[in-house]
Amino acid sequence: MKNLEIANIFSSIAQILEIKSDNLFRIRAYERAVEILQDLDNIEEYAAADKLTEIPGIGKDLESKIKEYLSTGRIGYYEDLKKEVPLGILELLKVPSVGPKTAKLFYDELNIKDVATLEKFALEGKLLGLEGVKEKTVENILRGIDIFKRGSERIDIATAWDIAARFVSELRALKEVKRVEVAGSLRRMKETVKDIDILVASNKPQKVMDVFCGCAEVKDVFAKGITKSSVLSKGGVQVDARVVKPDSFGAALLYFTGSKNHNVKIRTIAARRNLKVNEYGVFPVTRKKSQECLASKTEEDLYKILKMQYIAPELREDTGEVEAALKNKLPKLIELKDIKGDLHAHSNYSDGKNTIREIVDAARKKGYEYIAISDHSQSLKVARGLSIADLKIKKKEIDSVNKRLKGFRVLFGTEVEIDSAGNIDYDDEILKEFDFVIAAIHSGFKQSKEQLSRRIIKACRNKNVDIIAHPTGRLWGARDSYELNFEEVFKAAKDTNTILEINSFPNRLDLGDSLIRLARQNGARFIINTDSHAVAHLDFMKFGVAMARRGWLTKQDVVNTLSLKDILKARK
DNA sequence: GCCGTTTTCGGCCCGACTGTTTTCAGTCG
């Protein structure tokens with residue numbers, strides 16, 4: 001993806017500028033652009049329409065650099081910078097506790113250009129004696145190298161919530177603790193997270209920090225202060241905790257939830273009104289020493305005093321939510337309780353673990369009105385796709401289950417293959433028998449962007465295909481999204497009345513947040529499915545809903561908020 | 001390098017912890 005390529009270059013530029021001690025605000029401008037670009041899958045479409053500078057954070061200069069990359073595949077300014085500071089040094093910055101100043105020191109004094117050399121020198125004691133480096137510093141660097149070597153890959157939100165829950169439950173059990181909440185990117189429900197942030201309200205911070213650093217899940221303690229500590233969990237994830245007084249919990253939660261850019265925007269707007277926002281509250285900017293706190297107890301109080309709507313954590317990415325909140329124009333986001341059913345669950349007819357009955361029982365316990373048992377189709381042999389004969393048996397079972405149910409309906413679904421030419425692997429005669437047909441690509445990913453787009457568009461045009469499952473095919477940690485002409489595909493979905501799936505499975509989350517927004521702008525409709533292969537997976541619905549919220553979707557944008565009667569009408 | 005309900009120039013969010021220092025710089029979020 002071009003946006004990621006450019007983001008990586010801008011990120012390197014920011015780091016090189018840091019090492020060169022360049023203007024901090026210029027560095028921040030590049031860093032901000034990196035975050036913006038990471039979420040901008042259709043950068044080429046912006047460039048083609050000459051709309052790059054309409055993106056907040058992209059000005060004339062960055063526009064020209066983006067255009068330069070798109071047309072030539074390189075950025076001259078970056079090529080020049082690389083001559084001044086060898087790229088290897090940037091690797092040193094990935095070691096926790098080594099920042100630009102330290103990296104420059106090691107390079108200037110000892111010509112260290114990679115982590116392996118840094119480790120060697122640290123072990124041999126050759127770092128000692130450099131300005132500001134003593135034994136403790138070396139110790140921290142070696143520990144940082146350990147973390148670096150273990151890899152810095154991001155973890156999926158389901159795993160992260162699991163680890164977070166273990167810390168939270170130990171902390172909640174303390175009588176000194178008034179409140180505990182997960183904050184940071186995990187609270188914002190980012191698709192993946194790098195670390196876990198936990199906020200605690202207590203008047204006895206020391207005690208809380210002692211317990212936090214001694215949690216069963218802790219493997220190593222990086223930093224332990226009176227109100228702030230940082231540990232490595234046994235699962236290899238960094239967990240940060242901060243303790244604040246109960247009175248400032250709202251202010252701290254806002255600050256600790258981020259995103260950084262959201263906080264900066266909030267604080268900038270506050271400053272224009274002569275208000276200061278920090279993790280303790282909102283304060284008037286005066287010369288007086290004693291400052292009265294205007295708001296601090298809840299996040300709602302803070303947003304209110306700043307004269308804007310409350311902003312849900314999932315929206316706090318500085319992608320327009322602050323401006324919308326100031327104008328009272330935030331959408332009413334979809335909630336988990338709006339979901340009335342799940343149309344993508346696999347039974348043991350194909351590669352699922354559970355029987356239809358077991359799945360139905362679990363779905364009913366969730367308060368759903370319907371569930372579609374959507375097993376794989378005949379050509380996906382690895383997943384025991386169903387033959388025509390299998391379908392007849394399965395249909396019979398569903399009919400008999402439905403006869404015994406009241407107020408709940410099992411739908412006859414399928415997840416069919418879109419082959420390399422865009423055809424579906426059951427005939428129309430068979431397809432029309434299903435209540436819902438979900439189409440997906442599970443093979444032949446290596447085609448060009450145009451070919452893949454054509455395949456999906458052709459599937460959309462099939463009158464029997466109701467839903468496109470996991471539209472980009474990405475699997476976190478295993479496979480990148482395939483490239484598509486997104487606007488074209490989304491427009492085709494709209495024109496053919498095909499529903500786009502938001503797949504809730506934690507290693508998919510596909511569509512992801514930024515593509516959901518793009519698809520909505522193109523008029524598409526959505527369904528949030530779990531792609532369950534076991535009844536426990538039905539719980540993943542909350543992650544799909546979170547993606548929908550991050551994509552600014554309302555209940556009206558999502559078809560499985562409809563009653564059984566209405567969702568059946570939502571088909572083609 | 002970006003940006004404008006004070007502004008097209010002169011600002012740009014704010015604080016905790018650590019290790020090395022005797023008052024602070026570097027790192028991190």
Side-chain angles (χ1 to χ4, degrees), chain A residues 10 13-14 17-19 21-34 36 52-66 77 92-105 128-141 143-144 147 183-186 188 193-199 205 209 221-230 238-244 248 251-252 254-283 285 306-307 318 322-323 326-327:
Chain A
F10 282 1
I13 290 176
L17 293 176
E18 274 202 272
I19 288 171
S21 300
D22 203 286
N23 182 312
L24 275 171
F25 299 106
R26 177 181 293 132
I27 294 168
R28 188 183 296 161
Y30 275 102
E31 285 172 345
R32 180 140 182 262
V34 170
I36 293 162
L52 286 168
T53 52
E54 286 178 23
I55 303 165
I58 305 293
K60 277 245 161 292
D61 186 275
L62 293 181
E63 174 195 39
S64 79
K65 290 188 170 76
I66 292 169
Y77 176 61
L92 301 182
L93 298 178
K94 290 182 186 157
V95 176
S97 85
V98 176
K101 296 289 184 290
T102 322
K104 183 171 193 312
L105 176 76
L128 291 168
L130 292 177
E131 199 183 338
V133 179
K134 291 201 165 174
E135 275 163 17
K136 197 81 187 181
T137 306
V138 177
E139 207 177 285
N140 281 340
I141 287 171
R143 189 152 60 180
I147 295 166
S185 54
L186 193 51
R188 301 200 311 277
V193 301
K194 205 166 87 269
D195 54 20
I196 296 169
D197 301 299
I198 294 171
L199 183 66
M209 288 291 88
V221 178
F222 295 144
K224 186 181 173 195
I226 300 164
T227 63
K228 190 178 161 184
S229 296
S230 205
Q238 183 173 327
V239 185
D240 299 332
R242 178 97 178 241
V243 187
V244 296
S248 51
L254 180 68
Y255 153 75
F256 220 26
T257 297
S259 67
K260 192 175 160 185
N261 287 337
H262 178 83
N263 288 345
V264 169
K265 178 66 69 69
I266 294 276
R267 290 172 179 197
T268 308
I269 283 169
R272 272 189 226 144
R273 298 180 187 155
N274 278 323
L275 297 172
K276 186 176 79 168
V277 180
N278 58 27
E279 58 261 57
Y280 303 106
V282 179
F283 303 88
V285 180
L306 296 171
K307 296 197 169 64
D318 190 26
V322 176
E323 291 79 358
L326 284 165
K327 291 182 197 150

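Note on naming: letters A, B, ... go to the chains in the order of the sequence lines (proteins, then strands), and numbering restarts at 1 for each one.
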**Item:** Partner set under salt bridge (charged side-chain N to carboxylate O under 4.0 Å, His left out) for A:Lys65, not counting sequence neighbours
**Value:** A:Asp61
Quick one: which protein N/O atoms are closer than 3.5 Å to N/O atoms of nucleotides 6-12 of chain B? Pair and distance per line, please.
none

Give me, pair by pair, the N or O atoms of the protein and of nucleotides 20-22 of chain B that are less than 3.5 Å apart, along with how far apart they are.
{"residue": "B:dT20", "atom": "OP1", "partner": "A:Lys134", "partner atom": "N", "Å": "2.8"}
{"residue": "B:dT20", "atom": "OP1", "partner": "A:Lys134", "partner atom": "O", "Å": "3.4"}
{"residue": "B:dT20", "atom": "OP1", "partner": "A:Thr137", "partner atom": "N", "Å": "3.4"}
{"residue": "B:dT20", "atom": "OP1", "partner": "A:Thr137", "partner atom": "OG1", "Å": "2.7"}
{"residue": "B:dT21", "atom": "OP2", "partner": "A:Lys134", "partner atom": "NZ", "Å": "3.2"}

**Set of residues satisfying side chain to side chain contact (heavy atoms under 4.5 Å, CB included) with respect to A:Ser185, sequence neighbours excluded** = A:Arg188, A:Lys190, A:Val193
**Prompt:** Which of these nucleotides, B:dC2, B:dG15, B:dC13, is closest to any side-chain atom of A:Glu279?
**Reply:** B:dG15
**Item:** Counterpart residues, side chain to side chain contact (heavy atoms under 4.5 Å, CB included), relative to A:Thr268 (two or more places apart)
**Value:** A:Val264, A:Arg272
**Any residue meeting side chain to side chain donor-acceptor pair (under 3.5 Å) with A:Glu139, in chain and number order, not counting sequence neighbours** = none
**Message:** Which residues pass the side chain to side chain donor-acceptor pair (under 3.5 Å) test with A:Glu18, not counting sequence neighbours?
**Reply:** none
**Test side chain to side chain donor-acceptor pair (under 3.5 Å) applied to A:Lys60 - qualifying residues, sequence neighbours left out** = none
**Sequence-distant partners of A:Asp240, side chain to side chain contact (heavy atoms under 4.5 Å, CB included), two or more places apart** = A:Asp195, A:Asp197, A:Ser230, A:Gln238
**Asked** Looking at residues at least two apart in the chain, or sitting in another chain, which of them share a side chain to side chain donor-acceptor pair (under 3.5 Å) with A:Lys104?
**Response** A:Asp108
All N/O contacts under 3.5 Å from nucleotides 23-27 of chain B to the protein, with atom names and distances to one decimal?
{"residue": "B:dT27", "atom": "OP1", "partner": "A:Gly99", "partner atom": "N", "Å": "2.8"}
{"residue": "B:dT27", "atom": "OP1", "partner": "A:Gly99", "partner atom": "O", "Å": "3.2"}
{"residue": "B:dT27", "atom": "OP1", "partner": "A:Thr102", "partner atom": "N", "Å": "3.0"}
{"residue": "B:dT27", "atom": "OP1", "partner": "A:Thr102", "partner atom": "OG1", "Å": "2.3"}
{"residue": "B:dT27", "atom": "OP2", "partner": "A:Lys101", "partner atom": "N", "Å": "3.2"}

**Fill in**
By ring pair (Phe, Tyr, Trp, His ring centres under 6.0 Å), A:Tyr30 pairs with (sequence neighbours left out) A:Phe10
